[in-house]
**Student:** 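Structure in C-alpha coordinates, see below.
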2 protein chains.
Amino acid sequence: MSKSCIRVFADVEQIQQCKEEINKVTPSIATVAKALSLSGNEVRLKILYLLSKETKLCPCDLSDILEMTVPAISQHLKKLREGGLVTSEKVGQTVFYSLVEENIQVIRPVLASLFNGSKKEQVI
Amino acid sequence: MSKSCIRVFADVEQIQQCKEEINKVTPSIATVAKALSLSGNEVRLKILYLLSKETKLCPCDLSDILEMTVPAISQHLKKLREGGLVTSEKVGQTVFYSLVEENIQVIRPVLASLFNGSKKEQVI
DNA sequence: TTAATATTTAAGCAACTACTTAAATAACGA
DNA sequence: TCGTTATTTAAGTAGTTGCTTAAATATTAA
(Lines give C-alpha, C1' and ligand atoms only; values in the text may rest on other atoms or scores of the structure.)
Protein backbone atom coordinates (compact mmCIF):
# COMPACT_ATOMS: atom_id res chain seq x y z
CA MET A 1 0.00 0.00 0.00
CA SER A 2 0.75 3.66 -0.29
CA LYS A 3 4.50 4.24 -0.17
CA SER A 4 4.40 4.41 -3.94
CA CYS A 5 6.45 2.55 -6.48
CA ILE A 6 10.02 3.85 -6.71
CA ARG A 7 10.94 2.13 -9.97
CA VAL A 8 13.06 4.14 -12.34
CA PHE A 9 10.48 3.75 -15.05
CA ALA A 10 7.39 4.25 -12.94
CA ASP A 11 5.24 6.52 -15.05
CA VAL A 12 3.78 8.74 -12.36
CA GLU A 13 1.42 10.42 -14.77
CA GLN A 14 0.11 7.12 -16.14
CA ILE A 15 -0.53 5.90 -12.63
CA GLN A 16 -2.34 9.08 -11.67
CA GLN A 17 -4.45 8.82 -14.80
CA CYS A 18 -5.30 5.21 -14.02
CA LYS A 19 -6.30 6.09 -10.49
CA GLU A 20 -8.73 8.69 -11.75
CA GLU A 21 -10.04 6.38 -14.44
CA ILE A 22 -10.57 3.55 -12.00
CA ASN A 23 -12.38 5.84 -9.58
CA LYS A 24 -14.77 6.77 -12.36
CA VAL A 25 -15.67 3.17 -13.20
CA THR A 26 -15.61 1.72 -9.70
CA PRO A 27 -19.40 1.85 -9.26
CA SER A 28 -20.02 0.00 -12.55
CA ILE A 29 -17.21 -2.41 -11.76
CA ALA A 30 -18.84 -3.27 -8.45
CA THR A 31 -22.16 -3.90 -10.16
CA VAL A 32 -20.65 -5.97 -12.93
CA ALA A 33 -18.41 -7.93 -10.56
CA LYS A 34 -21.47 -8.81 -8.52
CA ALA A 35 -23.25 -10.19 -11.59
CA LEU A 36 -20.13 -12.05 -12.70
CA SER A 37 -19.54 -13.62 -9.32
CA LEU A 38 -23.15 -14.81 -9.28
CA SER A 39 -22.69 -16.30 -12.75
CA GLY A 40 -19.24 -17.58 -11.88
CA ASN A 41 -20.67 -20.53 -9.99
CA GLU A 42 -21.11 -23.60 -12.14
CA VAL A 43 -24.54 -24.49 -10.78
CA ARG A 44 -25.87 -20.95 -11.10
CA LEU A 45 -24.46 -20.58 -14.60
CA LYS A 46 -26.27 -23.77 -15.55
CA ILE A 47 -29.47 -22.38 -14.07
CA LEU A 48 -29.11 -19.17 -16.05
CA TYR A 49 -28.33 -21.15 -19.17
CA LEU A 50 -31.37 -23.36 -18.69
CA LEU A 51 -33.62 -20.38 -18.02
CA SER A 52 -32.42 -18.73 -21.19
CA LYS A 53 -33.32 -21.88 -23.08
CA GLU A 54 -36.59 -22.78 -21.40
CA THR A 55 -37.86 -19.32 -20.45
CA LYS A 56 -39.12 -20.49 -17.07
CA LEU A 57 -38.50 -23.36 -14.70
CA CYS A 58 -39.40 -24.24 -11.12
CA PRO A 59 -36.96 -25.33 -8.38
CA CYS A 60 -38.29 -28.84 -8.70
CA ASP A 61 -37.49 -28.99 -12.43
CA LEU A 62 -34.01 -27.63 -11.81
CA SER A 63 -33.49 -30.12 -9.03
CA ASP A 64 -34.33 -32.95 -11.43
CA ILE A 65 -32.26 -31.59 -14.30
CA LEU A 66 -29.16 -30.75 -12.29
CA GLU A 67 -29.52 -33.71 -9.96
CA MET A 68 -29.19 -31.66 -6.82
CA THR A 69 -31.35 -31.37 -3.70
CA VAL A 70 -34.21 -28.88 -3.83
CA PRO A 71 -32.87 -26.79 -0.93
CA ALA A 72 -29.50 -26.46 -2.67
CA ILE A 73 -31.23 -25.24 -5.83
CA SER A 74 -33.53 -22.97 -3.84
CA GLN A 75 -30.57 -21.30 -2.18
CA HIS A 76 -28.90 -20.64 -5.51
CA LEU A 77 -32.15 -19.20 -6.85
CA LYS A 78 -32.39 -16.97 -3.83
CA LYS A 79 -28.97 -15.51 -4.55
CA LEU A 80 -29.82 -14.98 -8.20
CA ARG A 81 -33.09 -13.32 -7.21
CA GLU A 82 -31.43 -11.08 -4.66
CA GLY A 83 -28.83 -10.20 -7.28
CA GLY A 84 -31.62 -9.19 -9.61
CA LEU A 85 -30.71 -11.73 -12.28
CA VAL A 86 -33.91 -13.74 -12.00
CA THR A 87 -37.44 -13.12 -10.88
CA SER A 88 -40.13 -15.50 -9.64
CA GLU A 89 -43.84 -15.93 -10.12
CA LYS A 90 -45.98 -18.21 -8.03
CA VAL A 91 -48.60 -20.32 -9.77
CA GLY A 92 -50.46 -22.52 -7.35
CA GLN A 93 -47.82 -24.26 -5.29
CA THR A 94 -45.27 -23.98 -8.04
CA VAL A 95 -42.81 -21.08 -8.29
CA PHE A 96 -41.55 -20.29 -11.77
CA TYR A 97 -38.23 -18.55 -12.14
CA SER A 98 -37.22 -16.58 -15.20
CA LEU A 99 -34.43 -14.25 -16.27
CA VAL A 100 -34.62 -10.52 -15.68
CA GLU A 101 -33.79 -9.40 -19.18
CA GLU A 102 -32.34 -5.98 -18.39
CA ASN A 103 -30.03 -7.23 -15.64
CA ILE A 104 -28.85 -10.26 -17.54
CA GLN A 105 -27.36 -8.14 -20.32
CA VAL A 106 -23.86 -8.33 -18.87
CA ILE A 107 -23.69 -12.06 -19.32
CA ARG A 108 -25.85 -12.32 -22.44
CA PRO A 109 -22.79 -12.74 -24.70
CA VAL A 110 -21.52 -15.42 -22.36
CA LEU A 111 -24.77 -17.36 -22.51
CA ALA A 112 -24.87 -16.85 -26.27
CA SER A 113 -21.42 -18.37 -26.63
CA LEU A 114 -22.61 -21.45 -24.75
CA PHE A 115 -25.46 -21.96 -27.21
CA ASN A 116 -22.97 -22.82 -29.92
CA GLY A 117 -22.66 -26.36 -28.66
CA SER A 118 -19.56 -26.25 -26.51
CA LYS A 119 -17.17 -25.74 -29.39
CA LYS A 120 -14.09 -23.57 -29.05
CA GLU A 121 -12.82 -24.95 -25.75
CA GLN A 122 -10.77 -22.45 -23.85
CA VAL A 123 -7.58 -23.47 -22.14
CA ILE A 124 -8.29 -22.56 -18.57
CA MET B 1 -32.05 -35.25 -5.25
CA SER B 2 -33.25 -37.88 -7.62
CA LYS B 3 -36.71 -39.01 -6.48
CA SER B 4 -38.00 -36.92 -9.34
CA CYS B 5 -40.55 -34.19 -9.35
CA ILE B 6 -44.09 -35.52 -9.00
CA ARG B 7 -45.91 -32.34 -10.02
CA VAL B 8 -48.94 -32.80 -12.20
CA PHE B 9 -47.46 -30.58 -14.83
CA ALA B 10 -43.90 -31.85 -14.69
CA ASP B 11 -42.93 -32.16 -18.31
CA VAL B 12 -40.87 -35.33 -18.18
CA GLU B 13 -39.76 -34.96 -21.76
CA GLN B 14 -38.65 -31.36 -21.27
CA ILE B 15 -36.65 -32.37 -18.22
CA GLN B 16 -35.01 -35.23 -20.03
CA GLN B 17 -34.12 -32.93 -22.91
CA CYS B 18 -32.64 -30.40 -20.51
CA LYS B 19 -30.56 -33.06 -18.81
CA GLU B 20 -29.06 -34.09 -22.11
CA GLU B 21 -28.55 -30.50 -23.19
CA ILE B 22 -26.84 -29.62 -19.92
CA ASN B 23 -24.58 -32.64 -20.16
CA LYS B 24 -23.46 -31.46 -23.56
CA VAL B 25 -22.50 -27.98 -22.40
CA THR B 26 -21.15 -28.88 -18.98
CA PRO B 27 -17.50 -28.78 -20.07
CA SER B 28 -17.87 -25.31 -21.58
CA ILE B 29 -19.92 -24.19 -18.60
CA ALA B 30 -17.13 -25.23 -16.27
CA THR B 31 -14.57 -23.32 -18.32
CA VAL B 32 -16.73 -20.22 -18.59
CA ALA B 33 -17.72 -20.32 -14.92
CA LYS B 34 -14.05 -20.43 -14.01
CA ALA B 35 -13.36 -17.30 -16.07
CA LEU B 36 -16.41 -15.55 -14.67
CA SER B 37 -15.55 -16.34 -11.08
CA LEU B 38 -12.05 -14.99 -11.65
CA SER B 39 -13.53 -11.82 -13.14
CA GLY B 40 -16.25 -11.71 -10.51
CA ASN B 41 -13.90 -10.31 -7.92
CA GLU B 42 -13.87 -6.52 -7.83
CA VAL B 43 -10.10 -6.20 -7.54
CA ARG B 44 -9.42 -8.69 -10.33
CA LEU B 45 -12.02 -7.09 -12.59
CA LYS B 46 -10.27 -3.76 -12.04
CA ILE B 47 -6.95 -5.37 -12.92
CA LEU B 48 -8.40 -6.81 -16.13
CA TYR B 49 -9.98 -3.48 -16.96
CA LEU B 50 -6.70 -1.64 -16.38
CA LEU B 51 -4.76 -4.16 -18.45
CA SER B 52 -7.21 -3.76 -21.30
CA LYS B 53 -6.64 -0.01 -21.14
CA GLU B 54 -2.90 0.11 -20.55
CA THR B 55 -1.82 -3.08 -22.36
CA LYS B 56 0.69 -3.98 -19.66
CA LEU B 57 1.32 -3.15 -16.02
CA CYS B 58 3.52 -4.46 -13.22
CA PRO B 59 2.34 -5.50 -9.72
CA CYS B 60 3.93 -2.35 -8.37
CA ASP B 61 1.88 -0.12 -10.70
CA LEU B 62 -1.29 -1.98 -9.81
CA SER B 63 -0.48 -1.69 -6.13
CA ASP B 64 -0.20 2.08 -6.53
CA ILE B 65 -3.30 2.44 -8.67
CA LEU B 66 -5.57 0.23 -6.60
CA GLU B 67 -4.03 1.26 -3.28
CA MET B 68 -3.48 -2.27 -2.10
CA THR B 69 -0.43 -4.09 -0.78
CA VAL B 70 1.89 -5.67 -3.35
CA PRO B 71 1.38 -9.21 -1.99
CA ALA B 72 -2.37 -8.84 -2.25
CA ILE B 73 -2.03 -7.74 -5.88
CA SER B 74 0.49 -10.47 -6.58
CA GLN B 75 -1.86 -13.13 -5.31
CA HIS B 76 -4.66 -11.87 -7.54
CA LEU B 77 -2.31 -11.86 -10.51
CA LYS B 78 -1.28 -15.39 -9.71
CA LYS B 79 -4.91 -16.53 -9.89
CA LEU B 80 -5.47 -14.70 -13.15
CA ARG B 81 -2.29 -16.23 -14.57
CA GLU B 82 -3.19 -19.74 -13.43
CA GLY B 83 -6.64 -19.20 -14.93
CA GLY B 84 -5.00 -18.28 -18.22
CA LEU B 85 -6.49 -14.80 -18.34
CA VAL B 86 -3.17 -12.97 -18.09
CA THR B 87 0.41 -13.71 -18.90
CA SER B 88 3.64 -12.23 -17.57
CA GLU B 89 6.95 -11.15 -18.97
CA LYS B 90 9.96 -10.33 -16.87
CA VAL B 91 12.05 -7.31 -17.82
CA GLY B 92 14.91 -6.76 -15.42
CA GLN B 93 13.39 -6.95 -11.98
CA THR B 94 10.02 -5.83 -13.22
CA VAL B 95 7.30 -8.27 -14.25
CA PHE B 96 4.81 -6.99 -16.79
CA TYR B 97 1.38 -8.53 -16.90
CA SER B 98 -0.89 -8.43 -19.92
CA LEU B 99 -4.15 -9.99 -21.09
CA VAL B 100 -4.22 -13.31 -22.92
CA GLU B 101 -6.38 -12.23 -25.81
CA GLU B 102 -7.87 -15.60 -26.74
CA ASN B 103 -8.87 -16.50 -23.18
CA ILE B 104 -10.26 -13.09 -22.35
CA GLN B 105 -12.90 -13.33 -25.07
CA VAL B 106 -15.61 -14.46 -22.67
CA ILE B 107 -15.47 -11.23 -20.74
CA ARG B 108 -14.55 -8.91 -23.62
CA PRO B 109 -18.12 -7.62 -23.93
CA VAL B 110 -18.14 -7.01 -20.19
CA LEU B 111 -14.94 -4.98 -20.33
CA ALA B 112 -16.24 -3.16 -23.39
CA SER B 113 -19.39 -2.15 -21.52
CA LEU B 114 -17.22 -0.64 -18.79
CA PHE B 115 -15.40 1.53 -21.30
CA ASN B 116 -18.55 3.53 -21.91
CA GLY B 117 -17.92 5.59 -18.80
CA SER B 118 -20.06 3.86 -16.22
CA LYS B 119 -23.32 4.96 -17.78
CA LYS B 120 -26.33 2.69 -17.75
CA GLU B 121 -26.19 1.68 -14.10
CA GLN B 122 -27.77 -1.69 -13.52
CA VAL B 123 -30.02 -2.26 -10.59
CA ILE B 124 -28.26 -5.06 -8.79
C1' DT C 1 30.19 -8.45 -2.21
C1' DT C 2 26.52 -5.70 -0.13
C1' DA C 3 22.41 -3.02 -0.07
C1' DA C 4 18.28 -1.81 -2.34
C1' DT C 5 14.30 -2.83 -5.22
C1' DA C 6 10.59 -5.84 -7.32
C1' DT C 7 8.23 -9.74 -6.83
C1' DT C 8 6.66 -14.08 -4.98
C1' DT C 9 5.71 -17.31 -1.45
C1' DA C 10 4.17 -18.86 3.05
C1' DA C 11 1.50 -19.00 7.19
C1' DG C 12 -2.33 -17.39 9.77
C1' DC C 13 -6.94 -15.95 10.11
C1' DA C 14 -11.65 -13.88 9.65
C1' DA C 15 -15.28 -14.00 6.48
C1' DC C 16 -17.78 -16.24 3.01
C1' DT C 17 -19.60 -20.34 0.14
C1' DA C 18 -22.13 -24.24 -0.94
C1' DC C 19 -23.65 -27.97 0.59
C1' DT C 20 -26.31 -31.10 4.24
C1' DT C 21 -30.42 -32.37 7.09
C1' DA C 22 -34.37 -30.96 9.55
C1' DA C 23 -38.08 -27.98 10.23
C1' DA C 24 -41.34 -24.32 8.70
C1' DT C 25 -44.59 -22.43 5.38
C1' DA C 26 -47.96 -22.59 1.79
C1' DA C 27 -51.19 -24.54 -1.60
C1' DC C 28 -53.89 -28.35 -3.04
C1' DG C 29 -57.22 -32.20 -3.06
C1' DA C 30 -59.71 -36.00 -0.71
C1' DT D 1 -60.11 -31.13 8.33
C1' DC D 2 -55.82 -33.94 7.16
C1' DG D 3 -52.18 -35.61 4.32
C1' DT D 4 -49.40 -34.63 0.32
C1' DT D 5 -46.63 -31.73 -2.52
C1' DA D 6 -43.65 -27.53 -3.57
C1' DT D 7 -40.84 -24.40 -1.72
C1' DT D 8 -38.26 -21.85 1.63
C1' DT D 9 -35.74 -21.21 5.79
C1' DA D 10 -32.54 -22.45 9.41
C1' DA D 11 -28.58 -24.43 11.56
C1' DG D 12 -24.35 -26.86 11.13
C1' DT D 13 -20.07 -27.60 8.73
C1' DA D 14 -16.11 -28.44 5.52
C1' DG D 15 -13.83 -25.98 2.20
C1' DT D 16 -12.58 -21.66 -0.09
C1' DT D 17 -11.33 -16.72 -0.41
C1' DG D 18 -8.82 -12.56 0.29
C1' DC D 19 -6.43 -10.25 3.08
C1' DT D 20 -2.29 -9.62 6.62
C1' DT D 21 2.68 -9.82 7.96
C1' DA D 22 7.03 -11.96 7.48
C1' DA D 23 10.32 -14.31 4.90
C1' DA D 24 12.34 -15.93 0.50
C1' DT D 25 13.94 -15.10 -4.21
C1' DA D 26 15.88 -12.50 -7.95
C1' DT D 27 17.80 -8.53 -10.22
C1' DT D 28 20.41 -4.41 -10.20
C1' DA D 29 23.86 -1.11 -9.04
C1' DA D 30 27.40 0.76 -5.95
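Keep in mind it's a predicted model, so treat the numbers as computed, not measured. Sequence lines set the chain letters: A, B, ... in the order given, protein chains first and strands last, and positions in each chain run from 1.
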**Student:** Could you state the CD1-P distance from Ile15(A) to dA6(C), rounded to the nearest angstrom?
**Tutor:** 11 Å
**Student:** When the distance from NE2 of His76(B) to C1' of dT8(C) is rounded to whole Å, what number comes out?
**Tutor:**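 Going from NE2 in His76(B) over to C1' in dT8(C) covers 15 Å.
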**Student:** Taking NZ from Lys46(B) and C1' from dC19(D), how many angstroms apart are they, rounded to a whole number?
**Tutor:**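 Atom NZ in Lys46(B) sits about 15 Å away from atom C1' in dC19(D).
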**Student:** Taking atom C1' of dT17(C) as reference, at what distance in whole Å does atom NZ of Lys34(A) sit?
**Tutor:**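 Taking atom C1' of dT17(C) as the reference, NZ of Lys34(A) is at 12 Å.
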**Student:** Using a cut-off of strictly less than 4.0 Å, decide whether Tyr97(B) has a side-chain nitrogen or oxygen near OP1 or OP2 of dT8(C).
**Tutor:**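 Result: yes.
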**Student:** Answer yes if Val100(A) and Leu36(B) sit in the same cluster of Ile, Leu, Val, Met, Phe, Trp and Tyr residues linked by side chain heavy atoms under 4.5 Å apart, and no otherwise.
**Tutor:** no
**Student:** Does Lys79(B) come within less than 4.0 Å of Glu82(B), counting only side-chain N to carboxylate O?
**Tutor:**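 No, Lys79(B) and Glu82(B) are not salt-bridged.
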**Student:** Run through Val86(A), Leu85(A), Thr87(A), Leu80(A) and flag the one making a side-chain contact (heavy atoms from CB on, under 4.5 Å) with Leu99(A).
**Tutor:** Val86(A)
**Student:** Given atom CD of Glu42(B) and atom C1' of dA15(C), what is their separation to the nearest angstrom?
**Tutor:** 16 Å
**Student:** 5'-most contact on DNA chain D: Lys90(B) or Arg44(B), nearest heavy atom basis?
**Tutor:**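 Upstream on the strand: Arg44(B).
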**Student:** To the nearest angstrom, how far is Glu82(A) atom CD from dT9(D) atom C1'?
**Tutor:**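 In whole Å, dT9(D) C1' lies 12 Å from Glu82(A) CD.
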**Student:** Does dT17(C) have OP1 or OP2 under 4.0 Å away from a side-chain N or O of Asn41(A)?
**Tutor:** no
**Student:** Quick one: is dA6(C) close enough that its OP1 or OP2 comes under 4.0 Å of any side-chain N or O from Thr94(B)?
**Tutor:** no
**Student:** Just how far, in rounded Å, is C1' of dG18(D) from CD1 of Ile73(B)?
**Tutor:** 12 Å
**Student:** Please produce a list of atom pairs where a protein N or O lies less than 3.5 Å from an N or O of nucleotides 28-30 of chain D.
**Tutor:**
none

**Student:** For Asn41(A) and Ser37(B): C-alpha separation, side-chain torsions, deciding distance, then whether side-chain contact (heavy atoms from CB on, under 4.5 Å) applies.
**Tutor:** CA-CA 7 Å; Asn41(A) 172 281; Ser37(B) 71; over 6 Å; no
**Student:** Give the nucleotide from the list dT21(C), dT7(D), dC19(D) with an atom nearest to the side chain of Met68(B).
**Tutor:**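 Of dT21(C), dT7(D), dC19(D), dC19(D) is nearest to the side chain of Met68(B).
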**Student:** Using heavy-atom distances to pick each residue's nearest nucleotide on DNA chain C, tell me which of Pro59(B) and Gln75(B) is more 5'.
**Tutor:** Pro59(B)
**Student:** Check whether any side-chain N or O of Ser74(A) sits under 4.0 Å from OP1 or OP2 of dT7(D), and answer yes or no.
**Tutor:** no
**Student:** Which distance, rounded to the nearest 0.5 Å, do you find between the CE of Met68(A) and the CD of Gln75(A)?
**Tutor:** 9.0 Å
**Student:** Between dT5(C) atom P and Asp61(B) atom CG, what is the distance in whole Å?
**Tutor:** 16 Å
**Student:** dT7(D), dT20(C), dT17(C): which one has an atom nearest the side-chain heavy atoms of Val70(A)?
**Tutor:** dT7(D)
**Student:** Is any side-chain N or O of Lys78(B) closer than 4.0 Å to OP1 or OP2 of dT7(C)?
**Tutor:**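 The answer is no; no side-chain N or O of Lys78(B) sits under 4.0 Å from OP1 or OP2.
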**Student:** Go through it in stages, so that I can follow the logic: the residues are Leu111(A) and Arg108(A), the test is side-chain contact (heavy atoms from CB on, under 4.5 Å), and I'd like the CA-CA distance, side-chain angles, deciding distance and then a yes or no.
**Tutor:** CA-CA 5 Å; Leu111(A) 294 177; Arg108(A) 258 292 167 221; 3.8 Å; yes
**Student:** Of all heavy-atom pairs between Leu77(B) and Pro59(B), which one has the smallest distance, and what is that distance?
**Tutor:** CD1-CG, 3.8 Å
